[in-house]
Amino acid sequence: MNNLKNLRGTVDLLPDQLIKWQNVEKIIFEQLSRASIKEIRTPILEMTELFIRGIGEGTDVVSKEMYTFLDRGERSCTLRPEGTASVVRALIQNGISSNPFQKLWYMGPMFRYERPQAGRQRQFHQLGVEFIGYESVRSDVEIISIAWDILRKLGINELNLEINTLGDPNDRLNFKKTFVDWLEINKNSLDLDSQNRINKNPLRVLDSKNAQTKKVLENAPRLFDFMSEKSLERFSTLKQQLEMLEIPYIENFNLVRGLDYYTHTAFEITSGSLGSQATVCGGGRYDNLIKQMGGPETPAIGFAIGLERLILLAGNEHAITKKTDIFIINKGLHAEVLAIKLSRKLRNYNLLIELDLTGGSFSKQFKKANKIKPRSIIVVGDDEAVRNEFVIRLFDNDTSENKEEIISFDDDIKIKKWLRSNFF
RNA sequence: GCGGGCGUCGCCAAGUGGUUAAGGCAGCGGCUUGUGGCGCCGCUAUUCGGGGGUUCGAAUCCCCUCGCUCGCCCCA
């Protein structure tokens, strides 16, 4: 056994699997471009500082899941654990004030150092969408509907949309004080993790999965009760609009989300068929992040979809391979050159051509063709090639009768005619 | 970081202390140098994730270690 292996939590995506990925991506790209959302690409490697400041020091992602190392210049670098911080950095750096309204998407690998399990890897892929500069409720609704529609368009049903509001920073500050006091009083009834979070990141205690803690929390003060009039109104407008669009949602007041930058709307889309890692999409509004990172005050909202989980959910109808149209068998000096010329010519007809490159015997190549089962085959041998001709034969799997024709390489009219009657 | 399950060829596997480690799929070669699907024949693990130990003898027993996998935490 070779001891060179991929790193834990990383996977090789092999050609057969990538067919599904590519088909799914194609549908996603179409949806995005129809919504006038433009692509942005940022480096996967950034200064560590970016994520500490952007995501928040107390978060799980930053405190224990980052791939961080020193480069040769002793700079602390980190493989991006998520996309928003980088996008925001890029926008500020490239002059956001000259273009304050932007709808953007990105897709690519993200890295988090965790124990791998079903639906979780150390290198995984996300599609992210960010609406920059928009603060209206309908930008929330629009972006949620885009996430929802992508999933639906892929044929994924039985999804749950969970929503919550985190209010504005003021609401949260007021709540936090009261909540921390309450947590301190009830500290002994909480699980250990939650106890540790009291000082680090008290809001995260809210979505503890610990049964005991959950029960204790039933009597805790609610963030909702500390919301300003304005925040509450915003949330109810959001719900109202979702209802009018017939996008079903569930209110989940414990939905806090792991990253510090969220304000107001937070949402997740989950699926029951993903096992314990149920979230396929997570997002929310981050009205203060851009300013906090040194840009002008700019409201924004975004989400990210986990591609691996999406692929898990998407049906196998997306995994259908395109069939080879023509397989070109060739042997002999003249034949091999003519075969290459032919494959170049035929690819211009938007056909899927495979040229045999093994140089094996004719019967070998036929056996190979038979395995691939192309719609037809072309045979070029030296006998034909010296006359600048080739044999094209319909590859009928059912009957033993073959429709065969000898065509001259330069006879484009005849080639077109043959292709038209057999392919189009 | 903490639990449970599992590691025999590229894949699926038999073997649970005793001569050369079954079999199937895939792959390669041949029967058949210029013409396909079937069939037949042959080849493909000095070694059972790795290391150490017990034993006359280990894939099989013991110890350690690595990896995979599922779950906890948290997220995509």
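Fair warning: this is a prediction, and the values are worked out from it, not measured in the lab.
- Residue A:T59 places none of its side-chain N or O atoms closer than 4.0 Å to OP1 or OP2 of B:C74.
- Atom CD1 of A:I377 is separated from atom C1' of B:G37 by 11 Å (rounded to the nearest Å).
- Pairing for B:C9 is absent, with no Watson-Crick or G-U wobble pair whose two atom distances lie under 3.5 Å.
- Nucleotide B:C72 is matched to B:G1 when pairs are restricted to Watson-Crick or G-U wobble geometry with both distances under 3.5 angstrom.
- For A:D140 and A:T265, the side-chain atoms include at least one donor-acceptor pair closer than 3.5 Å.
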Handout entry: nucleotides 64-71 of chain B: protein proximity per nucleotide (B base, S sugar-phosphate only, - neither; heavy atom, under 4.0 Å)
Key = ---SSBSB
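- A salt bridge does not link A:K331 to A:E336: none of the charged nitrogens lies less than 4.0 Å from a carboxylate oxygen.
- Neither OP1 nor OP2 of B:G36 sits under 4.0 Å from any side-chain N or O of A:K373.
- One side chain, A:T84 or A:E130, offers a donor N or O that lies under 3.5 Å from an acceptor on the other.
- For A:Q365 against B:G34, no side-chain N or O and base N or O form a donor-acceptor pair under 3.5 Å.
- Remark: B:G18 base-pairs with B:C56. Criterion, Watson-Crick or G-U wobble with two distances under 3.5 Å.
- In this entry the distance linking CZ of A:F124 with P of B:A76 reads 7 Å, nearest Å.
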Problem - Test side-chain contact (heavy atoms from CB on, under 4.5 Å) applied to A:I320 and A:I19, step by step - result: CA-CA 7 Å; A:I320 300 164; A:I19 290 159; over 6 Å; no
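- Phosphate proximity of B:G34 to A:S363: present, with a side-chain N or O under 4.0 Å from OP1 or OP2.
- A donor-acceptor contact closer than 3.5 angstrom is absent between the side chains of A:T59 and A:R204.
- The side chain of A:K364 places an N or O atom within less than 4.0 Å of a non-bridging phosphate oxygen (OP1 or OP2) of B:G30.
- Cation-pi geometry between A:K345 and A:F409 is met: under 6.0 angstrom from the ring centre, within 45 degrees of the axis.
- Heavy atoms of A:E114 sit under 4.0 angstrom from at least one base atom.
- Residue-to-nucleotide proximity on RNA chain B shows that, of A:K367 and A:V61, the 5′-proximal contact is made by A:K367.
- We find that CD1 of A:I329 is positioned 10 Å from C1' of B:G34, with the value rounded to whole Å.
- Listed by first and then second residue, the salt bridge (Lys or Arg N to Asp or Glu O under 4.0 Å) pairs that reach into residues 19-37 of chain A are A:E30-A:R34, sequence neighbours excluded.
- Cation-pi geometry between A:K239 and A:Y249 is not met at under 6.0 angstrom from the ring centre and within 45 degrees of the axis.
- When the nearest nucleotides of RNA chain B are assigned to A:K64 and A:F366 by heavy-atom distance, the more 5′-ward of the two goes with A:F366.
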Exercise for the section: Go through A:D410 and A:S408 one step at a time and tell me if the side chain to side chain donor-acceptor pair (under 3.5 Å) criterion holds. Expected result: CA-CA 5 Å; A:D410 297 316; A:S408 167; 4.8 Å; no
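- With a cut-off of 3.5 Å on both pairing distances, B:G36 has no Watson-Crick or G-U wobble partner at all.
- Of the options A:I326, A:T321, A:T324, a side-chain contact (heavy atoms from CB on, under 4.5 Å) to A:L352 is made by A:T324 and by none of the others.
- The interatomic distance linking A:I378 (CD1) with B:G34 (C1') rounds to 17 Å, in whole Å.
- For A:R120 against B:C74, a side-chain-to-base donor-acceptor contact under 3.5 Å is present.
- Looking only at atom types and distance, the side chain of A:T270 has no donor-acceptor partner in the side chain of A:T279 under 3.5 Å away.
- Put simply, CG on A:D60 is 15 Å from P on B:G1, counting in whole angstrom units.
- Taking the C1' atom of each, B:G50 and B:A59 are spaced 14 Å apart, rounded to whole Å.
- Atom name C1', nucleotides B:G51 and B:G15: the rounded distance is 24 Å, in whole Å.
- B:C41 and B:C48: their P atoms are spaced 31 Å apart (whole Å).
- Using atom C1' as the reference point in both B:G71 and B:U8, the two lie 27 Å apart (nearest Å).
- Distance CG (A:L310) to C1' (B:A76): 10 Å, rounded to an integer number of Å.
- If you check B:U35, B:U33, B:G37 against the side chain of A:V379, the one that comes closest is B:U35.
- Pairing of B:A45, defined by two Watson-Crick or G-U wobble distances under 3.5 Å, is not identified with any nucleotide.
- Minimum atom distance to the side chain of A:F362 is reached by B:U35, of the listed B:C75, B:G27, B:U35.
- For the C1' atom pair drawn from B:G27 and B:G1, the interatomic distance equals 43 Å after rounding to whole Å.
- B:G39 sits 13 Å from B:G24 when the P atoms are compared, rounded to a whole Å.
- Taking the ring axis of A:F366 as reference, the NZ or CZ atom of A:K371 does not stay both within 45° of it and closer than 6.0 Å to the ring centre.
- The C1' atoms of B:G49 and B:G57 are separated by 23 Å, rounded to the nearest whole Å.
- With P as the reference atom, B:A21 and B:C43 are 15 Å apart, rounded to whole Å.
- Near RNA chain B, meaning a heavy atom under 4.0 Å from it, residues 352-359 of chain A has no residue at all.
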